[in-house]
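Read the structure below first, then the notes.
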Amino acid sequence: MINTIDNAIYEEIIKIMNSNITAVMIFISFLGSAITLITLSLASIFLVKDKKYSKLIMLNLALSFILNKILKLIIARPRPPRLRLVIENGYSFPSGHSMVSFAFYGFLIYLINKNLKNKKIKYPLIILLSLLILLIGISRIYLGVHYVTDVLGGYIIGLIYLIVFIKILKKKKIKL
């Protein structure tokens, strides 16, 4: 059943492929790449007033990345054997872009929701980051480097990880 879902959705994606969409999907995928997330994490040192948050953003990124690598090694699902529009190595499940982006941008959403008072900035940012998480997963399927179930699994694991991460911070009485 999983292969049926994966293949059916990919067959629909193939029908809409064109160079313009591909260029957009490559850019969106880049926003979930390790280099982008590490850069944003390091930039938080300069962009975030309370340096405690910068440290937590970096810790969150490191832990979610490590967890993803461990899960990929344990599950060892090969990547789709189909047209790949970008080159990727390693295993397919769970999608690292989807899982780590969910954990990273999801944590930013959480911090923005808890700490940003200006609603004219707060809600558009939350919507934008939420859309970004969704689009990063879609881009990975479109580019042919992940199955739909890799992305969905990445989102679910990213969500569970994020809930646990925040609960641990609260339990340690770290004010968020």
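Residue numbers count from 1 along this sequence. The structure presented is a predicted model; accordingly, all values stated were derived computationally and were not measured.
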So [Y] and [X], do their side chains get closer than 4.5 Å, heavy atoms only?
| X | Y | value |
| --- | --- | --- |
| Phe107 | Leu59 | no |
| Tyr53 | Asn115 | yes |
| Phe165 | Leu169 | yes |
| Leu111 | Ile57 | yes |
| Ile109 | Ile133 | yes |
| Met25 | Val86 | no |
| Ile157 | Phe102 | no |
| Tyr161 | Leu63 | yes |

Candidates Arg79, Glu88, His97, Arg77 - the one meeting side-chain hydrogen bond (donor to acceptor under 3.5 Å, both in side chains) with His146
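Of the listed options, the one satisfying the test is Arg79.
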With clusters defined by side-chain heavy atoms of hydrophobic residues (ILVMFWY) lying less than 4.5 Å apart, directly or transitively, does [Y] cluster with [X]?
| X | Y | result |
| --- | --- | --- |
| Ile127 | Ile121 | no |
| Val24 | Ile141 | yes |
| Ile14 | Tyr142 | yes |
| Ile163 | Ile126 | yes |
| Phe30 | Leu131 | no |

Roughly how far apart are [X] [atom1] and [Y] [atom2], rounded to 0.5 Å?
| X | Y | atom1 | atom2 | answer |
| --- | --- | --- | --- | --- |
| Ile136 | Met99 | CD1 | CE | 14.0 Å |
| Glu11 | Asn7 | CD | CG | 6.5 Å |
| Phe93 | Leu152 | CZ | CG | 9.0 Å |
| Ile75 | Lys72 | CD1 | NZ | 9.0 Å |
| Ser33 | Ile28 | OG | CD1 | 13.0 Å |
| Leu37 | Tyr105 | CG | OH | 5.0 Å |

Give me the atom names and distance for the closest heavy-atom approach of [X] to [Y].
| X | Y | answer |
| --- | --- | --- |
| Thr36 | Leu31 | CG2-O, 3.7 Å |
| Ile138 | Tyr155 | N-OH, 4.2 Å |
| Leu129 | Leu108 | CD1-CB, 4.1 Å |

Are more than 12 heavy atoms from other residues, nucleotides or ligands located less than 6.0 Å from atom [atom1] of [X]?
| X | atom1 | value |
| --- | --- | --- |
| Ile87 | CD1 | no |
| Ile35 | CD1 | no |
| Phe65 | CZ | no |

Evaluate the side-chain hydrogen bond (donor to acceptor under 3.5 Å, both in side chains) criterion for residues Ser95 and Tyr147: first the C-alpha distance (whole Å), next the side-chain angles of each, then the deciding distance (0.1 Å), finally the verdict.
CA-CA 9 Å; Ser95 164; Tyr147 296 103; over 6 Å; no
Whether [X] side chain and [Y] backbone form a donor-acceptor pair below 3.5 Å:
| X | Y | result |
| --- | --- | --- |
| Ser29 | Ile26 | no |
| Asp6 | Thr149 | yes |
| Tyr110 | Ile166 | no |
| Ser101 | Ser98 | no |

Among pairs that include at least one residue of residues 102-116, which meet salt bridge (Lys or Arg N to Asp or Glu O under 4.0 Å), considering only residues two or more places apart or in two chains?
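Listed by first then second residue: nothing to list.
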What's the verdict on side-chain contact (heavy atoms from CB on, under 4.5 Å) for Tyr10 and Val148, showing C-alpha distance, side-chain angles and the deciding distance?
CA-CA 8 Å; Tyr10 190 70; Val148 171; over 6 Å; no
N/O donor to acceptor pairs below 3.5 angstrom from side-chain atoms of residues 41-50, sequence neighbours left out:
from, atom 1, to, atom 2, distance (Å)
Ser44, OG, Ser41, O, 2.5
Asp50, OD1, Lys52, N, 3.0

Contact list for residues 120-131, test side-chain hydrogen bond (donor to acceptor under 3.5 Å, both in side chains), sequence neighbours left out:
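Every candidate side-chain hydrogen bond (donor to acceptor under 3.5 Å, both in side chains) pair involving residues 120-131 fails, so no pair, neighbours aside, qualifies.
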